[in-house]
Amino acid sequence: QVQLVESGGGLVQAGGSLGLSCAASGRTVSEYTMGWFRQAPGKDREFVATISRIAGSTYYANSVKGRFTISRDSTKNTVYLQMNSLKPEDTAVYYCAAAPVPGVATGYRAYNYWGQGTQVTVSS
């Protein structure tokens, strides 16, 4: 199985940028479809972005499309989420997850492995 550790969260002003990293161990990120989810206080966990195991296809939630970019570096065994033009509504705990499926996956039930999360706070 794979272990995931997120890093890079913090406090940023609206309009700013932040980059999250998800370092994997135990298995390689290229063996899984990888995803980012987020959960704000009092809200359900929601899909943010995914990159597929096969072909590295990407898919984004409408709320982040054009602002966030997911990428994968197999040599570093790490998945990234670059977040630009941040808004206060992006404030949440961000989770990295791994799914044993070949294509993009937007549902959290597809993901078997989760990191501990990293807090992102966007001030207005």
Side-chain angles (χ1 to χ4, degrees):
Q1 62 183 28
V2 63
Q3 292 80 43
L4 305 171
V5 178
E6 303 96 333
S7 62
L11 174 64
V12 64
Q13 288 189 331
S17 298
L18 208 56
L20 304 182
S21 298
C22 172
S25 61
R27 302 293 291 265
T28 64
V29 294
S30 59
E31 297 179 71
Y32 298 90
T33 283
M34 301 298 296
W36 286 95
F37 288 75
R38 66 187 181 186
Q39 188 167 19
K43 294 189 176 181
D44 293 334
R45 188 168 300 191
E46 68 169 341
F47 165 76
V48 175
T50 179
I51 184 165
S52 69
R53 176 172 64 86
I54 301 295
S57 300
T58 59
Y59 188 82
Y60 299 90
N62 286 335
S63 58
V64 307
K65 198 173 297 183
R67 300 188 297 123
F68 290 13
T69 302
I70 188 172
S71 62
R72 178 178 62 200
D73 187 337
S74 297
T75 64
K76 296 183 178 180
N77 210 20
T78 300
V79 175
Y80 303 96
L81 185 69
Q82 179 62 38
M83 306 183 293
N84 299 328
S85 302
L86 284 161
K87 305 175 181 179
E89 50 264 42
D90 295 318
T91 295
V93 176
Y94 282 70
Y95 297 90
C96 173
V101 298
V104 295
T106 62
Y108 73 90
R109 287 188 174 89
Y111 293 82
N112 289 358
Y113 307 102
W114 294 82
Q116 83 288 349
T118 185
Q119 176 71 47
V120 172
T121 303
V122 184
S123 63
S124 57

Separation between [atom1] of [X] and [atom2] of [Y], rounded to the nearest 0.5 Å:
X: Leu18; Y: Phe68; atom1: CG; atom2: CZ; answer: 9.0 Å
X: Gln39; Y: Asp44; atom1: CD; atom2: CG; answer: 7.0 Å
X: Ser124; Y: Gln13; atom1: OG; atom2: CD; answer: 9.5 Å

Can you hop from [X] to [Y] via hydrophobic side chains spaced under 4.5 Å?
X: Val48; Y: Tyr113; value: yes
X: Val104; Y: Met34; value: no
X: Trp36; Y: Val2; value: yes

Q. Can you list the residues that meet the side chain to side chain contact (heavy atoms under 4.5 Å, CB included) rule with Asn112, with sequence neighbours excluded?
A. Pro100
For [X] against [Y], the heavy-atom pair lying closest together:
X: Gly56; Y: Arg72; answer: CA-NH2, 3.6 Å
X: Leu20; Y: Thr118; answer: CD2-CG2, 4.0 Å
X: Ala110; Y: Ala99; answer: O-CB, 3.2 Å
X: Ala24; Y: Val29; answer: CB-CG1, 3.5 Å
X: Ser85; Y: Ser17; answer: N-OG, 4.4 Å

How about [X] and [Y]: do any of their side-chain heavy atoms sit closer than 4.5 Å?
X: Tyr95; Y: Tyr108; result: no
X: Met83; Y: Val12; result: no
X: Leu11; Y: Gln119; result: no
X: Glu6; Y: Tyr94; result: no

Q. Near Lys43 NZ, under 6.0 Å, is it more than 12 heavy atoms from other residues, nucleotides or ligands?
A.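 Open.
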Q.
Does Gln116, at its CD atom, have more than 12 non-hydrogen atoms belonging to other residues, nucleotides or ligands within less than 6.0 Å?
A.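 Counting neighbours around CD of Gln116, more than 12 heavy atoms of other residues, nucleotides or ligands fall under 6.0 Å, so yes.
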I'd like to know if the side chain of [X] reaches the main chain of [Y], judged simply by a donor and an acceptor atom lying under 3.5 Å from each other, with no hydrogens or angles considered.
X: Ser21; Y: Tyr80; value: no
X: Thr33; Y: Arg53; value: yes
X: Ser52; Y: Ser57; value: yes
X: Thr58; Y: Ile51; value: no

(Q) According to ring-ring contact (aromatic ring centres under 6.0 Å, His included), who are the partners of Tyr60, at least two apart in sequence or on a separate chain? (A)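 Applying ring-ring contact (aromatic ring centres under 6.0 Å, His included) to Tyr60 gives none.
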Q: Just jot down the ring-ring contact (aromatic ring centres under 6.0 Å, His included) partners of Phe37, sequence neighbours excluded, or say none.
A: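 By the ring-ring contact (aromatic ring centres under 6.0 Å, His included) rule, Phe37 matches Phe47, Tyr111, Trp114.
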Q) What pairs meet the disulfide (SG to SG under 2.5 Å) rule with one or both residues in residues 11-103, with sequence neighbours excluded? A)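 The answer is Cys22-Cys96.
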Q) Does any pair with a residue in residues 30-62 pass disulfide (SG to SG under 2.5 Å), and if so which ones, sequence neighbours excluded? A) none
Q: Would you mind listing every salt bridge (Lys or Arg N to Asp or Glu O under 4.0 Å) that reaches into residues 21-40, with sequence neighbours excluded?
A: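 Sorted result for residues 21-40: Arg27-Glu31, Arg38-Glu46, Arg38-Asp90.
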